[in-house]
Amino acid sequence: MTKSELIDLLAARYGQLVTKDAEQAVKTILDAMSQSLVSGERIEIRGFGSFGLNHRPPRLGRNPKTGEKVRVPEKFVPHFKAGKALRDQVDFQDQESADKL
């Protein structure tokens with residue numbers, strides 16, 4: 001699902017929401033989540049999952065074209081971990097699909 005599909009779904013599901021309002025709501029939520037991760041905070045949405053940051057230490061890599069060693073600096077990367085309810089729901093859907101085959 002893309003951001004625009006989510007906005008369209010919200011606008012269709014809640015008739016009192018104009019598409020512009022749904023777009024603003026989605027933008028506000030995503031901006032707040034991004035800002036929380038930038039400031040190093042963890043985000044937890046019960047029944048869905050959690051977002052956090054993983055630290056990747058500095059290391060030596062190789063340029064695949066030339067083979068020379070390249071220093072890769074440390075960095076933090078966003079990480080999502082699905083909650084139990086979401087994992088169970090996805091697993092149940094997979095089992096249903098497999099049963100139909």
Side-chain angles (χ1 to χ4, degrees):
M1 175 178 281
T2 64
K3 185 177 169 182
S4 59
E5 290 172 341
L6 178 60
I7 291 167
D8 292 341
L9 179 70
L10 280 173
R13 185 175 290 175
Y14 300 101
Q16 70 272 21
L17 270 181
V18 182
T19 303
K20 277 287 192 196
D21 293 338
E23 182 178 357
Q24 185 62 35
V26 169
K27 184 181 181 323
T28 301
I29 290 170
L30 294 177
D31 286 346
M33 291 175 72
S34 296
Q35 192 57 42
S36 291
L37 287 174
V38 166
S39 62
E41 296 175 30
R42 183 172 182 268
I43 302 167
E44 183 177 328
I45 303 171
R46 301 263 181 207
F48 183 70
S50 62
F51 297 86
L53 295 176
N54 281 351
H55 177 259
R56 293 203 179 153
R59 62 184 174 86
L60 276 179
R62 290 194 178 271
N63 181 332
K65 193 171 188 178
T66 64
E68 74 179 88
K69 292 183 180 180
V70 178
R71 184 173 144 16
V72 179
E74 72 175 342
K75 61 182 171 180
F76 288 91
V77 291
H79 174 74
F80 173 73
K81 182 176 180 187
K84 184 175 181 343
L86 178 60
R87 285 193 316 263
D88 291 346
Q89 192 174 11
V90 169
D91 186 42
F92 180 74
Q93 291 296 333
D94 286 346
Q95 288 176 2
E96 247 182 30
S97 298
D99 290 342
K100 290 180 182 178
L101 296 176

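Position 1 is the first residue of the sequence; numbering continues from there. Source: prediction; values computed, not measured.
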Next item on the list: Using a 4.5 Å cut-off on heavy atoms from C-beta on, say whether the side chain of Glu5 contacts that of Leu9.
Entry: no
Check: Taking C-beta and beyond as the side chain, do Glu68 and Arg62 meet within less than 4.5 Å on heavy atoms?
Finding: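 A side-chain contact under 4.5 Å is absent here.
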Determine, using the 4.5 Å side-chain heavy-atom cutoff (strictly less than), whether [X] and [Y] are members of one ILVMFWY cluster.
X: Phe80; Y: Val38; answer: no
X: Ile29; Y: Ile45; answer: yes
X: Val77; Y: Ile43; answer: no

Ignoring hydrogens, what is the shortest heavy-atom contact between [X] and [Y]? Give both atom names and the distance.
X: Met33; Y: Phe51; answer: CE-CE1, 3.4 Å
X: Ala22; Y: Ala11; answer: CB-N, 4.2 Å
X: Gly47; Y: Ala85; answer: O-CB, 3.7 Å

If you round to the nearest 0.5 Å, how far is [atom2] of [Y] from [atom1] of [X]?
X: Lys81; Y: Arg87; atom1: NZ; atom2: CZ; result: 6.5 Å
X: Ser4; Y: Glu23; atom1: OG; atom2: CD; result: 9.5 Å
X: Asp91; Y: Leu86; atom1: CG; atom2: CG; result: 11.0 Å
X: Ile7; Y: Leu17; atom1: CD1; atom2: CG; result: 11.0 Å
X: Lys20; Y: Lys27; atom1: NZ; atom2: NZ; result: 11.5 Å
X: Leu37; Y: Gln35; atom1: CG; atom2: CD; result: 9.5 Å

Next item on the list: Take Val72 and Arg56, measure what side chain to side chain contact (heavy atoms under 4.5 Å, CB included) needs, and give me the verdict at the end.
Entry: CA-CA 10 Å; Val72 179; Arg56 293 203 179 153; over 6 Å; no
